[in-house]
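Below you'll find the structure, written out as structure tokens, and then a few comments.
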Amino acid sequence: MRFHSLLRLAPLAAALLAAAPAAAQTVRGRVTEAGTGQPVAGAVVILLDECGGRVSASLSDAQGAFAVAAAGSGTYSLRAERVGYATAVSPALSLQHGQAAEQALVMQPRQVQLEPLVVTGSQRACTIRPQGEAAVVWEELRKALDAASVAEQGRRHAFRKRFFRRERTLSLRSLLRSEEWTSPDFSSEPFHATPVGRLARHGYVEAAEGDSMVFHAPDANTLLSDAFLDHHCFRLRERRGRVGLEFAPTAERTLPDVRGVLWMDRRTARLRTLEYTYVNLPYPNPDDALGGELDFEQLPDGTWIVRRWIVRMPRLWVNETGASGVYSIIEQGGQVIDIRTQ
């Protein structure tokens, strides 16, 4: 009897502040809060073309400063988004070749009211893309995910991480073996995400060399993509002071996929946790044990990071006849233990 497993994961990268790349046309400015004039850190500032298409994006820093680049001359506008604030939009900006423009953005604080949300049985039907009350929740979740996605482009923070790998019985109650290690140095290298197009075509579990299987995990770009939104159903969930946006693959989606919940705090509308489980696997998923969790945290400067993460995958057995099954559960993960601004 042979055993095999292979983990090749793409959890949401520990977020890093993004700076605009050098370009011929640049828009710089500061994002401030209406009424107080205080800088708004961690806002996603998006440069839009004349048709409203996204050209580039950057995060505002601790002083609220940002810079975004345009590929050519033309008419553009800016949009700033951040959890807990109403979206701010600039007037139209006409940029000429080689021009550097200045544009301030003022954001109005907004308390998102989640208390009136009521989860009803009518939400059991498959709803492609969040709608109604679910769209209110998704809008705040999207802002945090977008900030994390944009932040991967820059490297203003460095992290030390502690990792672990454990093997447990199928019930997860008994530990068979365990090891831990800490990264010796600070690193700003994010986790590498699996391209969204590949996940859409081949699913979240793929055959690798020999008998191994590759397990992919969703990241910010995955959850924000049209491919994910078009192939999953969404509905609301509630649990102990949190509101969740539950997702599951549509009935026609037969490739290995993920279902789970993005949880946010009811009072502050902040993103907290992503829980997910692998589905449509070519072997039994013991008690929905295979999947993962990501715990999010927003730093004082507005940067979103994944503070802790864990992924569970199977250790499979294969006998001489080709039959296979799950022998044990491999848990692999880690956490950020120290952060340094570079």
### Query
Residues in salt bridge (charged side-chain N to carboxylate O under 4.0 Å, His left out) with Arg177, at least two apart?
Glu167
Rounded to the nearest 0.5 Å, what separates atom [atom1] in [X] from atom [atom2] in [Y]?
{"X": "Phe234", "Y": "Ile128", "atom1": "CZ", "atom2": "CD1", "answer": "7.5 Å"}
{"X": "Tyr327", "Y": "Arg315", "atom1": "OH", "atom2": "CZ", "answer": "6.0 Å"}
{"X": "Asp257", "Y": "Asn280", "atom1": "CG", "atom2": "CG", "answer": "6.5 Å"}
{"X": "Asp146", "Y": "Glu81", "atom1": "CG", "atom2": "CD", "answer": "6.5 Å"}
{"X": "Ile329", "Y": "Glu331", "atom1": "CD1", "atom2": "CD", "answer": "8.5 Å"}
{"X": "Arg237", "Y": "Leu245", "atom1": "CZ", "atom2": "CG", "answer": "11.0 Å"}

Closest contact, heavy atoms only, [X] versus [Y]:
{"X": "Ser225", "Y": "Val196", "value": "OG-CG1, 3.3 Å"}
{"X": "Ala41", "Y": "Ala62", "value": "CB-CA, 3.9 Å"}
{"X": "Val55", "Y": "Ala71", "value": "CG1-N, 4.4 Å"}
{"X": "Leu59", "Y": "Gly42", "value": "CD2-O, 3.8 Å"}
{"X": "Thr194", "Y": "Arg198", "value": "CG2-CD, 4.0 Å"}
{"X": "His216", "Y": "Val214", "value": "CE1-CG1, 3.6 Å"}

Check: [X]/[Y] side-chain N/O donor and acceptor closer than 3.5 Å:
{"X": "Glu252", "Y": "His231", "answer": "no"}
{"X": "Thr268", "Y": "Asp265", "answer": "yes"}
{"X": "Asn221", "Y": "Ser149", "answer": "yes"}

Where the side chain of [X] meets the backbone of [Y], is there a donor-acceptor pair that is under 3.5 Å apart?
{"X": "Thr127", "Y": "Cys233", "value": "no"}
{"X": "Glu297", "Y": "Ile305", "value": "no"}
{"X": "Thr277", "Y": "Gly291", "value": "no"}

### N-O pairing of Asp338 and Arg162 below 4.0 Å
no
#### Entry: Residues Arg272, Asp295: salt bridge by 4.0 Å N-O rule
no
Tell me, please, which residues at least two apart from [X] pass side-chain contact (heavy atoms from CB on, under 4.5 Å).
{"X": "Arg173", "answer": "Ser171"}
{"X": "Ala135", "answer": "none"}
{"X": "Leu48", "answer": "Ile46, Ser77, Arg79"}
{"X": "Pro39", "answer": "Arg30"}

### Task
Could you name each residue pair satisfying ring-ring contact (aromatic ring centres under 6.0 Å, His included) that touches residues 239-261, not counting sequence neighbours?
Phe228-Phe247
Could you pull out all residues at least two apart from [X] that satisfy side-chain hydrogen bond (donor to acceptor under 3.5 Å, both in side chains)?
{"X": "Arg160", "result": "none"}
{"X": "Asp49", "result": "none"}
{"X": "Arg201", "result": "none"}
{"X": "Arg166", "result": "none"}

### Task
Return the orientation label for the Phe215 and Tyr278 ring planes: parallel under 30°, perpendicular over 60°, tilted otherwise.
perpendicular
### Query
Which hydrophobic side chains are connected to Leu176, either touching it within the sub-4.5 Å cutoff or through other members that do?
none
### Query
Can you tell me if CZ on Arg28 sees more than 12 non-hydrogen neighbours from other groups inside 6.0 Å?
no
Exercise answer: donor-acceptor pairs, residues 84-94 side-chain atoms, under 3.5 Å, sequence neighbours excluded:
| unit_1 | atom_1 | unit_2 | atom_2 | d |
| --- | --- | --- | --- | --- |
| Tyr85 | OH | Glu33 | OE1 | 2.6 |
| Ser90 | OG | Leu78 | N | 2.9 |
| Ser94 | OG | Gln96 | NE2 | 3.4 |

### Query
Do Arg312 and Ile310 have side-chain heavy atoms sitting under 4.5 Å apart?
yes
